[in-house]
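Each chain gets a letter, A, B and so on, in the order the sequences are listed, and its residues count up from 1.
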Amino acid sequence: MLGIETIILTLLMIGIGGVLICTGVFFMPVGGAPAAMSTATGIATGCEMMATGAGITGLLMSAALYGQPSYIIALNAGISSAIMMCVTMFVANLVVVFGKGVPPALATVDRDPVTKEPVKPYVTPGTVGHGVPTASFVSGFIGAFLGGIGGALTFIPIFRVAFYESLTPSASINPMEILGPLGVRVGVEHVPLFVLAGIGALAMYFVNANIAAYSIRGVIEGWWDPKFKRLPKTALTCFVASLVFGTLVVLLLNSDSFIQVLHMIGGGS
Amino acid sequence: MSEKKVTIDPNKLMVVGIVCGLVGVYLGVIRSEVAGLISGVLAVPVVIWGADAVRRIASYGLGTGVPSIGNLSSGMGVLAALVGLAYQPILGVVLAALAGVIYGVFVAKFKILEIPRLPRYTTELAMAACLIIMCLTSSVIGYYNPMPESGFIAPAENFENIFQALFATGFIAAIFWMTSVSILHPFNAGLGVGERQGRTLQIGIVTGGMALTLAGIARVGYLVMFSPETSPMAFPLGYATIAAGAIVWIVGIVVLVRTASREAAAALWTGIPPKTKK
């Protein structure tokens with residue numbers, strides 16, 4: 001059995017991770033299919049795929065930096081996701097501006113919330129904006145940053161708890177070890193734990209990104225969009241859903257057959 | 001709002017799916033490699049049930065596309081399936097149902113997605129994905145032995161095999177995505193004005209065959225990479241899984257093409273486009 005503090009910390013990290021993933025999706029300029037035709041503001045893909053892209057980048061970074069203290073992993077995962085999203089938005093803008101000859105524009109506000117430039121006059125009649133304007137770019141940066149941190153917060157507890165379970169009796173895991181740096185050598189026999197944590201975090205990512213995607217229903221521009229007001233309710237739902245699926249993860253980490261296998265792979269080192 | 005008339009009752013599909021899935025997972029009690037092949041084949045009816053559940057929920061229009069539903073269901077299913085494989089498969093299915101109900105109730109209560117009977121759909125999706133992943137997993141590891149010598153928790157040797165076959169090789173990602181695609185693709189390909197349940201479920205047979213083929217490939221890959229101590233029948237049964245998957249796949253495509261050309265306004269052979277000179 002895991003200690004009660006470890007269980008609470010794991011659930012809390014997964015729950016906060018879920019809320020951050022949901023908030024991140026709300027910040028991203030999601031254009032969906034209309035954006036592919038430059039008839040809506042944002043990147044030309046659905047919420048879920050964009051959130052997954054940002055999340056997987058964050059997970060890759062968390063897996064690469066597994067040995068660092070948690071806050072470094074989380075920050076780096078957020079930065080890597082944000083870089084990925086910025087490159088995506090920049091290239092999308094290049095295509096829209098120089099390929100299609102359409103100026104980036106917002107439809108829901110008269111002036112750009114960041115640069116205060118008038119943006120409404122550039123909207124073609126019959127459409128709801130084009131490309132990724134400055135404010136949407138900043139919003140997308142924040143969203144991907146939060147999403148990456150959320151992904152890392154889901155990855156860290158699953159990996160760390162499973163890793164320490166393979167070394168020590170599970171009751172003696174100190175919760176601070178989950179947050180601090182990893183002082184033990186990780187061998188090739190521990191690779192399956194990365195896969196386990198990655199798949200678990202990916203599953204949590206899908207569960208949370210979908211709730212946010214259903215709440216947004218297709219298109220959102222950024223934090224000034226009227227749909228952004230739905231965030232508190234959606235975040236609460238994501239927290240509950242994360243706790244439910246986090247409980248499943250804790251059940252898996254607590255099962256005897258799983259712990260026996262972990263001892264088998266950890267016993268060699 | 002009354003639902004469209006369907007040829008196959010969803011409740012019947014659900015019962016068939018649950019029974020086939022549970023039989024597939026629990027078949028490992030015979031402790032023979034044949035069980036792996038059969039449990040892989042029994043995943044196909046579960047795929048068809050999952051495709052029908054996606055068909056019912058996605059016909060309301062979600063605003064995010066059909067693939068999100070498939071990814072959601074496999075995301076819910078994989079966690080429940082791992083718990084189920086660690087304790088007892090039936091517990092995994094019950095937990096998947098419970099998590100699906102809570103998810104659906106909260107999403108409906110906060111009016112995030114206003115679809116009638118949402119909790120039922122999310123429950124069905126989670127259970128279907130959980131059963132598919134458990135069946136395909138037992139097909140990949142040879143056979144899953146759910147009978148403990150003492151107590152309730154399944155023997156650790158299962159999980160050791162799962163760890164080697166799915167996590168050390170990384171095949172879990174393939175199984176995860178294949179489950180997602182096999183559930184979501186039938187309605188994603190079939191949706192439109194003239195969509196009909198029978199035809200959509202025939203695409204489910206095709207994707208089920210694809211999932212079975214993939215499980216067979218993963219089985220052979222696992223045997224080649226780790227060469228665990230198994231009976232001499234392991235390799236032939238691995239190839240038999242691939243063959244069974246290919247048969248289901250081809251039969252599904254033949255049936256689907258026949259149905260589609262019968263129900264189409266006209267199916268004409270236009271010939272190969274002539275080469276044009278510049």
State, yes or no, whether a side-chain contact exists between [X] and [Y] at a heavy-atom distance under 4.5 Å.
X       : Y       : answer
L252(A) : L79(B)  : no
L193(A) : F163(B) : yes
Y214(A) : S68(B)  : yes
L82(B)  : L196(A) : yes

Contacting region of [X] [heavy-atom separation from chain A under 4.5 Å]:
X       : value
F176(B) : side chain
A154(B) : backbone
I69(B)  : both

Problem - Backbone N/O of A86(B) and side chain of S257(A): donor-acceptor pair under 3.5 Å - result: yes
Exercise for the section: Taking Y87(B) for its side chain and L251(A) for its backbone only, find out whether a donor-acceptor pair lies under 3.5 Å. Expected result: yes
Exercise for the section: For the pair F206(A) and W177(B), name the ring-plane relationship: parallel under 30°, tilted 30 to 60°, perpendicular over 60°. Expected result: perpendicular
Handout entry: Spacing of F110(B) atom CZ and I211(A) atom CD1 [to the nearest 0.5 Å]
Key = 10.5 Å
Problem - Separation between CZ of F258(A) and CG of L85(B), rounded to the nearest 0.5 Å - result: 12.0 Å
[X] and [Y]: which non-hydrogen atoms are nearest, and at how many Å?
X       : Y       : result
V207(A) : L72(B)  : CA-CD1, 3.9 Å
V261(A) : E160(B) : CG2-N, 3.5 Å
V78(B)  : A203(A) : CG1-CB, 3.7 Å

Handout entry: Among the listed options I199(A), V244(A), V191(A), V30(A), the residue most often paired with chain B at heavy-atom distances under 4.5 Å
Key = I199(A)
Completion exercise
Cut-off 4.5 Å, heavy atoms of chain B, and the answer for A213(A) is both
Problem - L236(A), part contacting chain B, at a heavy-atom distance under 4.5 Å - result: side chain
